[in-house]
2 protein chains.
Amino acid sequence: MSPLETDRVILGDCVEAMNALPANSVDVIFADPPYNLCLGGELHRPDNSRVDGVDDAWDRFDDRAAYDRFTHAWLTAARRVLKDTGTIWVIGSYHNIYRVGSALQDLDFWLLNDIVWRKSNPMPNFRGTRFTNAHETLLWCSKAKDARYTFNYDAMKALNDGTQMRSDWTLPLCTGQERLKTEGGDKLHPTQKPAGLLYRVILASSQPGDVILDPFFGTGTTGAVAKALGRHWLGIEQDQDYAKAATARIARIEAGTDPALLHNPGRKAEPRIPFGSLLERGLLKPGTVLFDAQRRHTARVRADGSLIAADVKGSIHQVGATLQGAPSCNGWTFWHFELKGAPVPLDVLRQKVRAELAERMN
Amino acid sequence: MSPLETDRVILGDCVEAMNALPANSVDVIFADPPYNLCLGGELHRPDNSRVDGVDDAWDRFDDRAAYDRFTHAWLTAARRVLKDTGTIWVIGSYHNIYRVGSALQDLDFWLLNDIVWRKSNPMPNFRGTRFTNAHETLLWCSKAKDARYTFNYDAMKALNDGTQMRSDWTLPLCTGQERLKTEGGDKLHPTQKPAGLLYRVILASSQPGDVILDPFFGTGTTGAVAKALGRHWLGIEQDQDYAKAATARIARIEAGTDPALLHNPGRKAEPRIPFGSLLERGLLKPGTVLFDAQRRHTARVRADGSLIAADVKGSIHQVGATLQGAPSCNGWTFWHFELKGAPVPLDVLRQKVRAELAERMN
DNA sequence: GCTCTTTTTGAATCGTTAC
DNA sequence: AGTAACGATTCAAAAAGAG
């Protein structure tokens, strides 16, 4: 077999293309396979605008068994081209990631971490039917339990302001200037991943000069970041338009650009403390009676963190404002509870939680 | 089969115990099954015979297959006792959650969300070989794709300070006073879950009076929180010491009883008011001119409670939708009428009627 | 050029009841 | 059973528009 020719896009099916590559030849694989979303009808926002869901042909499978066969096939091909010291990353959502995770384990990949990409700006759940689906999952595996692999611990620690990088990464979606557009101004690809995500993946698990393979190349984010970080890359993509756009995009990147220019650290976790968390933490119990400093008003705490007074229900702020006839009210300082016979403002509890959180959350 | 006897711990194997319960009898299942995949220690077949160390590959295969059989068995038993309108929660880490997730899907459970528990104080990775494993995953499933299920959207939104609860939950580990200890001062159970986690699970997915089953009861956190939140509980535990500690722990909890504190039914549950009843009650007169907030559209009220605009006749919703060219419209909030020179939404009148109805109930 | 407001949008398994 | 009507429902970020 000929030696590996890198820094190019291979047009075609990813299994066939990988099988045409030399075995044990790439250092890292990053894969963003179809999620098999199975979306039904249309979805509208409360303002009646239509949500542009993923309905592309490449995301449609006959059934779960067909998706499992597809997953097994491409992971098998990926395993062959991956060096014994290499690692593979796969990203997915709850629709597919449990199939992928099981398949990886069945193929004797060894799970090193599962990483949660916390989206700082996810799409809300418009109908109020579930929790806002605000994250995706990345699986990071070595080829075997006892395999040696690359993990740039110190680079990750530095990227995280001196404390160990955790398994949850807070990063925004790929939007704005970063998102590739058609000439008509629409998004070119329905699921373009943010460069910040690939930055962490590649920086964590490869060395300069390594080869990064992406079998579902799409708009080529993997190639763009790999090139900027001084790595070689190889993309496989079956859609000609995507392949063309990716090639052009990567050509515009300067190789080995100062990583600081690309550096896109996640936002710090906000120290916002919902009032409800005091209940979850057992610092306050449902039924606790709250009152203002002058003891002119009282209200009781409900299990969900709302307050109930004679005629009013709502947040600590809303109820405080309504009872006073004021336009607004800071419930944290307005409301007090009784502790050993003395009135204590709620804010004391918030400060307690903040102090605990500040200890190690990054 | 005898009716379900709740608020007790059943000592024994969870599959046998669940099979002895009536089918379709519990509202929510919370399960924290063993994760102990490949953590060393002895290997057992399902019949509890020990596996002799043979070839590595064979061992590994047998181990994972055994875990899969175990998972399949208890999930099958769980499915039988769960009501068709019930939901199941399973918590796990990357060691087992991909096996569990696949098994749930294979058994036709329908994944509603995967939830990430972000630990605010995780154990660091001491050897610097991986990312700090700072989260665990909860899977939340209904019994079938089209099953109705309980999700207390408004309670969750209230608990999160007025914005939708997301799929990532930041909560501390179970430590300090909360952690049950042996007489010697050691932790009683290796994986006691924080009450705050169960608080959110139970508040989100059940109603007061519902039955919560935990087939891996351990120290009884599920029962303790269920009781405090006015739910019934049922625990299955095979370790006598854990069962005893759990029973004692729950006995100390004060049961939540006040529905006003425990229940937030939300707006969706409010009684329906036909628009025509506003006319019957004389709150609105036939011929009243309605308009939207931007005064782009107008319509007149007819005696039968339908609207008439230039080209359109129909309900307040139909006419609003048609005039806007929208797929749907809430006529109650869309349409306004003039009162003392100011625009007032129809919804104000509906609230008035609802208040009167509530008054008469007392 | 600058600030403030409005609009747009993102891998979405997104309803319930009465007839 | 299927169909039609009712009417509930969104957050963050960035672009685009307005002044």
Side-chain angles (χ1 to χ4, degrees), chain A residues 32-56 58-61 64 67 91-97 117 119-137 170 172-179 181 185-187 189-194 216 218 267 270, chain B residues 105 110-114 141-142 144-149 151 153-154 157 160-167 266-276 305-306 314-318 320-321 326-335 346-347 350:
Chain A
D32 182 10
Y35 291 5
N36 189 24
L37 241 40
C38 310
L39 299 179
E42 298 210 320
L43 179 66
H44 293 89
R45 299 186 182 81
D47 66 2
N48 274 322
S49 60
R50 199 181 71 86
V51 175
D52 184 13
V54 177
D55 58 355
D56 305 66
W58 48 257
D59 195 49
R60 286 197 290 268
F61 293 82
R64 198 160 50 222
Y67 187 78
I91 185 168
S93 66
Y94 69 88
H95 308 85
N96 71 323
I97 202 68
W117 168 27
K119 300 177 183 181
S120 55
N121 52 346
M123 185 172 358
N125 181 294
F126 297 115
R127 306 298 292 267
T129 57
R130 304 175 177 195
F131 297 97
T132 306
N133 186 19
H135 74 276
E136 294 188 23
T137 301
T170 306
L173 297 170
C174 180
T175 60
Q177 299 293 338
E178 187 188 338
R179 189 96 194 213
K181 303 278 170 36
D186 299 319
K187 59 188 175 190
H189 191 282
T191 71
Q192 183 180 341
K193 295 292 175 287
F216 305 96
R267 298 187 333 157
E270 68 284 13
Chain B
Q105 292 178 313
W110 188 250
L111 215 25
L112 297 168
N113 278 114
D114 59 347
C141 302
S142 65
K145 178 176 180 176
D146 53 1
R148 257 186 308 171
Y149 58 92
F151 175 54
Y153 175 77
D154 294 285
K157 195 170 169 177
N160 196 38
D161 264 4
T163 57
Q164 295 187 332
M165 188 69 82
R166 300 169 34 123
S167 58
R267 280 181 68 189
K268 282 179 184 169
E270 293 193 86
R272 236 182 233 205
I273 309 295
F275 175 64
S306 63
S315 72
I316 53 172
H317 315 296
Q318 287 168 333
S328 69
C329 169
N330 183 342
W332 291 107
T333 51
F334 179 73
W335 292 111
L346 289 182
D347 208 36
R350 181 169 64 161

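Every chain is numbered from 1 and lettered A, B, ... according to where its sequence line falls, protein lines coming before strand lines. Bear in mind the structure is a predicted one, so any value in this text is a computation, not a measurement.
Ring-base stacking between B:W110 and C:dT13 is satisfied, the centre separation being under 5.5 Å and the plane angle under 30°.
In terms of the side chain to side chain donor-acceptor pair (under 3.5 Å) criterion, residue partners of A:H95 (sequence neighbours excluded) are, by chain and number, A:S93. Listed by chain and residue number, B:W140, B:F151, B:W169 satisfy the ring pair (Phe, Tyr, Trp, His ring centres under 6.0 Å) test with A:F131 (two or more places apart in sequence, or in another chain). Scanning for salt bridge (Lys or Arg N to Asp or Glu O under 4.0 Å) contacts around B:R350 gives B:D347, with sequence neighbours left out. Among residues two or more places apart in sequence or in another chain, the side chain to side chain donor-acceptor pair (under 3.5 Å) test is passed with B:E270 by none. In this structure A:Y94 satisfies the ring pair (Phe, Tyr, Trp, His ring centres under 6.0 Å) test with no other residue, sequence neighbours excluded. Every side chain to side chain donor-acceptor pair (under 3.5 Å) that A:N125 has, sequence neighbours left out, goes to A:T129. Remark: B:S167 pairs with A:H135 by the side chain to side chain donor-acceptor pair (under 3.5 Å) rule, at least two apart or across chains. For A:H189, the ring pair (Phe, Tyr, Trp, His ring centres under 6.0 Å) partners are A:W58, A:Y242, not counting sequence neighbours. In terms of the salt bridge (Lys or Arg N to Asp or Glu O under 4.0 Å) criterion, residue partners of A:D32 (sequence neighbours excluded) are, by chain and number, A:K193.
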(request) Taking Watson-Crick and G-U wobble pairs with both distances under 3.5 Å, convert DNA chain D into its dot-bracket string, 5' to 3', dots for unpaired and | for cross-strand pairs. (result) .|||||....|||||||||

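Glycosidic conformation, C:dT13: syn, with the torsion inside 90° of 0.
Projected onto DNA chain D by closest heavy-atom contact, B:Q318 and B:R166 fall at different nucleotides, the more 5' of which corresponds to B:Q318.
Protein atom CD of B:Q164 is 12 Å distant from nucleotide atom C1' of C:dA12, rounded to whole Å. Going from atom CH2 of B:W332 over to atom P of D:dA8 covers 9 Å, rounded to whole Å. Rounded to whole Å, the distance from CD on A:E42 to C1' on C:dT13 is 16 Å. In this entry the distance linking CD1 of B:I316 with P of D:dA5 reads 14 Å, nearest Å. Regarding B:D154, its CG atom lies at a distance of 10 Å from the C1' atom of D:dT9, rounded to whole Å. In this structure, B:L346 atom CG and D:dA8 atom P are separated by 12 Å, rounded to whole Å. Between B:I273 atom CD1 and D:dG7 atom P there is a gap of 9 Å when expressed in whole angstrom units. In this entry the distance linking CG of B:N160 with C1' of D:dA12 reads 14 Å, nearest Å.
A sub-4.0 Å separation between OP1 or OP2 of C:dA12 and a side-chain N or O of A:N133 is absent. A sub-4.0 Å separation between OP1 or OP2 of D:dG7 and a side-chain N or O of B:H317 is present. Considering only side-chain N and O atoms, A:T129 lies nowhere under 4.0 angstrom from the phosphate OP1 or OP2 of D:dT9.
Between the side chains of A:N96 and A:Y67, at least one donor N or O sits under 3.5 Å from an acceptor N or O. Residues A:T175 and A:R179 bring no donor and acceptor atom of their side chains to less than 3.5 Å of each other.
Spacing between C:dG1 and D:dA18 at atom C1', rounded to whole Å, works out to 14 Å. Atom name C1', nucleotides C:dT8 and D:dT10: the rounded distance is 13 Å, in whole Å. The same atom, C1', is picked in C:dT13 and in D:dA12; the two are 23 Å apart, to the nearest Å. Rounded to whole Å, the C1' atom of C:dC14 lies 15 Å from the corresponding atom of C:dG10.
Using a 4.0 Å cut-off between charged nitrogen and carboxylate oxygen, A:K187 and A:D52 count as a salt-bridge pair.
Within 4.0 Å (heavy atoms only), A:R64 reaches no atom of the nucleic acid at all. Note on A:G41: a base of the nucleic acid sits closer than 4.0 angstrom, heavy atoms only. Note on B:L111: a base of the nucleic acid sits closer than 4.0 angstrom, heavy atoms only. No contact: B:T333 has no heavy atom under 4.0 Å from any strand. Backbone-only contact: A:G176 has heavy atoms under 4.0 Å from sugar-phosphate atoms and none from a base.
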Taking N or O atoms only and anything under 3.5 Å, show me the protein contacts with nucleotides 16-19 of chain C, one pair per line.
unit_1 : atom_1 : unit_2 : atom_2 : d
C:dT17 : OP2    : B:R148 : NH1    : 3.2

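Of the possible polar contacts, none joining the A:R50 side chain to the A:L43 backbone as a donor-acceptor pair under 3.5 Å is found.
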(request) Do nucleotides 1-11 of chain C as a string where each nucleotide becomes B, S or -: B if the base has a protein heavy atom under 4.0 Å, S if just the sugar-phosphate does, - if no protein is that close. (result) --------BBB

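Of the candidate nucleotides D:dA13, D:dT10, D:dA8, D:dT10 has the atom lying nearest to any side-chain atom of B:Y153.
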